[in-house]
Protein chains: 2
Amino acid sequence: MSRETRADARLRITNEIMEAARRQLGEVGAAGLSLREIAREIGMVSSAVYRYVDSRDDLLTRLIIDAYDALGDVAERAASAPADTDLGRWTATASAIRRWAIAHPHEYQLLYGSPVPGYAAPDDTVGPGIRVVVALARIVGEAARHERLAAPGEPLGDLTPQLADDLRALADAVPDPFPADATTVLAFVVGWSQLFGLLSFELTNQTRGYVGDDADLFDAAARRVGHQIGLR
Amino acid sequence: MSRETRADARLRITNEIMEAARRQLGEVGAAGLSLREIAREIGMVSSAVYRYVDSRDDLLTRLIIDAYDALGDVAERAASAPADTDLGRWTATASAIRRWAIAHPHEYQLLYGSPVPGYAAPDDTVGPGIRVVVALARIVGEAARHERLAAPGEPLGDLTPQLADDLRALADAVPDPFPADATTVLAFVVGWSQLFGLLSFELTNQTRGYVGDDADLFDAAARRVGHQIGLR
DNA sequence: CGAAAAACGAGAGCACTGCTCTTGATTTAC
DNA sequence: GTAAATCAAGAGCAGTGCTCTCGTTTTTCG
């Protein structure tokens, strides 16, 4: 009988806790997540769990990072998969995000729903948090660098100079900066927020029964906003 | 000393409870709302509150209806105010919605954030809930009926026939039906979900520091999606 | 008018939560 | 091989939603 070293036991038990936490998150959501129930599941007394987790908020933070990483993987993988067109790459990535959200609604709500009670996102979460928007931006940037980005359709000359500057600066702030005019970046922000807005509506049933097939609606919307960014 | 009739007292105390609940919602949010704390505030014992409120969920339902009504008022008032152009009416309504959301973030989260723990929206909430989207739709419908709606810019002939039918049917399902082709309705759904997506991002700080003035960004986005619906 | 019925406020109590502290056993480190 | 660190367990505190009972007060109705 080989004895288990204490460090190994710590890793194993921490994993058990996180697994139970993820299971519970998937079943009852973040608000219903109970440290005592987790302890019960893995056959420990509740106070012992605090040897591995600082607090409920600490556990939530880890779950958020996990979820951001999972969704980030999905988005990055979809965004770097072979695609015939830039627009096809965009819609495929959007669809992949949607599929993940529908498969993991509680995780999605944890990331994009109301902030949990008095929970303030620590800085650890912003890193993984921006992966998905960066993945989307990279699609646009790639197209822009290859001069495949259509010029913004209708020129709306009504951006304030300050806003236009800020928007242009955004295109330089991503990991792979690309040349873009303010309207294009605005279209991207519009498209990005639109994807998550529609997705949140679908998940919270705000669009109950609007159309027969929500996936078709989402795809059409994604294609539309992608097109308006200039992707072809 | 005129005595208070029991029915009057019931109304008064119910109002006190709702007032305290609204105050607490505004301060600590839906998740932190405590029936016992409300009881304490109005100088009652907690069990007595249950004479006036069935449960915590019941209280939340009333708060949701209240908030929907408040936001519905704001949206309807903005949408029916005098405006030079249809596009101006659209952006003014969007801005009014944003201002309300920023002034009442917890109420906004109650309506458009994650659904509260195991709380299933009863049918009472859908009536007031659709007022704001109906108000937005009315702007488009009004323009359409007066033939002031520009034809959808780039025709994307890629809607499935079923989706196109469903979208057209939507324009007939609102209180004041109007003639619209599928692409216009799609643009409306895109615009609508975009407004709330960007607003949610702003409120949950997902767009932290993207631009200097979030209001400018929101207005520009609203103008853009309104324009793409065909509003001028 | 007076008795029966309904409504009410208070209190105790149950099951649950997050979290802390102490206690005794076990494993590491020196 | 002893001292230090780590650990699981249990008790306990303050808080929650909610139920039930018990007197009291108000309303209803014969």
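In what follows, chains carry the letters A, B, and so on, assigned in the order in which the sequence lines appear, proteins first and then strands, with residues in each chain numbered from 1.
With no hydrogens or angles considered, no side-chain donor-acceptor pair links B/Tyr112 and A/Thr204 at under 3.5 Å. Between the side chains of B/Thr91 and B/Asp219, no donor-acceptor pair of N or O atoms lies under 3.5 Å.
Enclosure of atom CZ in B/Arg77 is not indicated, since only 12 or fewer non-hydrogen atoms of other residues, nucleotides or ligands lie within 6.0 angstrom.
Among the heavy atoms of the strands lying under 4.0 Å from B/Ser55 are primed sugar atoms or P, OP1, OP2 only; no base atom is included. Heavy atoms of A/Ile13 sit under 4.0 angstrom from primed sugar atoms or phosphate atoms, though from no base atom. Residue contacts shown for A/Leu59 are absent, as no nucleic acid heavy atom lies under 4.0 Å away.
As rounded to whole Å, 14 Å separates atom C1' of C/dG9 from atom CD of B/Glu16. For A/Glu37 and C/dC16, the CD to P distance is 10 Å, given to the nearest whole Å. Between B/Gln24 atom CD and D/dG15 atom C1' the separation is 13 Å, expressed in whole Å. Between the C1' atom of D/dG12 and the OH atom of A/Tyr50 lies a distance of 14 Å, rounded to the nearest Å. The distance from atom CD of A/Glu4 to atom P of C/dT26 is 16 Å, rounded to the nearest whole Å. Atom CG in B/Leu33 sits roughly 17 Å away from atom C1' in C/dT17 (whole-Å rounding). In this structure, the CG atom of A/Leu35 is 14 Å from the C1' atom of C/dC16, given to the nearest Å. Distance, B/Arg10 CZ to D/dT27 P: 13 Å, rounded to whole Å.
Closest contact between the side chain of A/Met44 and the listed nucleotides C/dT20, D/dA8, C/dA10 involves D/dA8. For B/Arg36, the listed nucleotide lying nearest its side chain is C/dG13; candidates were C/dG13, C/dA12, D/dG10.
OP1 or OP2 of C/dG9 lies within a sub-4.0 Å distance of a side-chain N or O belonging to B/Tyr52. In this structure, A/Arg6 does not reach the C/dT28 phosphate: none of its side-chain N or O atoms is under 4.0 Å from OP1 or OP2. Side-chain N/O atoms of B/Ser34 include one lying less than 4.0 angstrom from OP1 or OP2 on D/dG17. OP1 or OP2 of C/dT28 has at least one side-chain nitrogen or oxygen of A/Thr5 nearer than 4.0 Å. Distances shown here put a side-chain N or O of B/Arg40 below 4.0 Å from the OP1 or OP2 atom of D/dT16.
In this structure, A/Arg56 contributes its side chain and A/Leu33 its backbone to a donor-acceptor pair below 3.5 Å.
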Test B/Asp166 against B/Gln162 for side chain to side chain donor-acceptor pair (under 3.5 Å), laying out the working first. CA-CA 6 Å; B/Asp166 289 346; B/Gln162 175 64 50; 2.9 Å; yes

